Amino acid sequence: MQKTLFFIAFLFCGFATLAQSDVQMVEETVSRSNIEGHIYFLADDLLKGRQTGTPELKIAATYLATQLRSYGVKPDPTTGSYFQAMPMQKNFPPATMELTVNGQKMENAVAMSQGNVDFSGTMVYMGFGLEADYQDVDVKGKVVIVKAGNEEGGGAQQAFGLIGDKTALAQKNGAIGVIEFIDTNDQIWGFIDHQFNEPRVGLASSEDEEDSIPFLWVKDTGGTIAAGLWQKNPEGSFTMAKKAAEKLDSYNVVGWVEGSDPKLKEEFIIYSGHYDHVGIGTPDATGDTIYNGARDNAVGVTTVLSMAENLAKYPTKRSALFILFTGEEMGLLGSRYYVENPILPLNKMVYCFNSDNAGYNDTSLATIIGLPRTTAADHIKNACKQFGLTAVDDPAPEQGLFDRSDNVNFARVGIPAPTFSLGFTAFNGDVTKYYHRPGDEADNIDYEYMEKFFKSYVLAGRLIGNDPVTPTWTAGDKYEEASKELYGN
Ligand SMILES: [Zn+2]
């Protein structure tokens, strides 16, 4: 008995002397070799620039899930998986498409909406093809020809916004296809042609495209083709055979660690960053075509992995949720999808500490987009100071960076959400030298600086996660209202 008591006393005693400070815990798990391992793998040419929708992005996702698993981070409690599938699809141009009007074959056309049609006969001119144009005209079984846009204008952008309405109207009235002539220049047409006449990956369509009718845009610079058609009903033929979209999934990678405090563990800090990049593209001067995305955003991913490894070993009082987003470069898709489909209730998420990076041009700094906008600013500043860095706010507000990364999707629903970035004093020099360029590679990064940067992030996360006071938006912030709504206070 006594022996046991003594043993317990010894244990407690030992525990007290071995108790580590947050700084020591950070020093213990964040190392240069770990950091290099993550960045070199994620930025390898093998992954072909980690474009959303490619098999190489799934390799990256598997790497991330494997890391989380090896740390002992828990998967999504509802599915038991580290992957959150985001439904996407690969769209193709139609299998066949041909238009002839008054004996003239139209060479420059794109299907804005696909459908199966095989028509030959008299087409019906319908003005703009808006509601009023359909009164007293029988278009059943016919292909209709319309002017682009409406009374206010017929530019590509204006016209694009009306395609849905015009298609629905034509279909409602029994037409089997719509042809619209677009008066636009070669540059804009080049962009449209590239967008719609080549395979492209996007979010899975929620609309039922099964029985939609085709909507065709025909390039008509100067309006010369159409001029001869207005007010008459031309003869022609129009055929199109749809090519079905290919369904595919892209993945957010998720995991979580339970907090150590019985009460505070009900609150979560989100640690996030996107792991996709822009893939393969225009070659640089050396002929390199792979946009490796080492800074953008293998670095951000490494902040999250560093945090996960640390917290799995030494949890903070608050719980932690780690999210690595897909689809950021395609328009913040992964984070938007996550916010619409959270794996844990959003109102338990009290902070989102995101990391996204373009590059750095000052290795004495960490630049935090939105630093003064949350009450955790002092923790972030102190953490940086501990490792010899100075935390500064966004120096380039004209770039609108706060609204250009995944943090904004969390901010909009009310969650305080700054973005932790590599140090830059202006969006120029070495930032723009590497931003979205093939040269953004693992071997031109300063790893001595990286070590300070990742340690600062992990310590900041620990200080926020252990603070008895819950972080909030700074009073008067534009997202304060959303925050009140989310947390109900
Ligand atoms: Zn990025």
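Indexing begins at 1, ligand by ligand and atom by atom, following the structure's order. Since the structure is predicted, the reported quantities are computational estimates derived from the model, not experimental observations.
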> Do you know which of E329, H274, H277, K58 makes side-chain contact (heavy atoms from CB on, under 4.5 Å) with R50?
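Output: one option passes, namely H277.
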
> Might you confirm whether atom CD of Q195 has over 12 heavy atoms from other residues, nucleotides or ligands at distances under 6.0 Å?
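Atom CD in Q195 is packed in, count exceeds 12.
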
> Would E329 count as a contact for the Zn ion (ligand 1), in the sense that one of its N, O or S atoms lies under 2.8 Å from it?
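So E329 does not count as coordinating the Zn ion (ligand 1).
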
> With respect to the Zn ion (ligand 1), what is the nearest N, O or S atom of D356?
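So the atom name we want here is OD1.
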
> Just checking, is any N or O donor in the side chain of T286 or D288 under 3.5 Å from an acceptor N or O on the other one?
no

> Out of the candidates F322, F420, F410, F268, only one should pair with F353 under the ring-ring contact (aromatic ring centres under 6.0 Å, His included) rule; please name it.
F420

> What's the OD1-the Zn ion (ligand 1)-NE2 angle here (D296, H274), rounded to 10 degrees?
90°

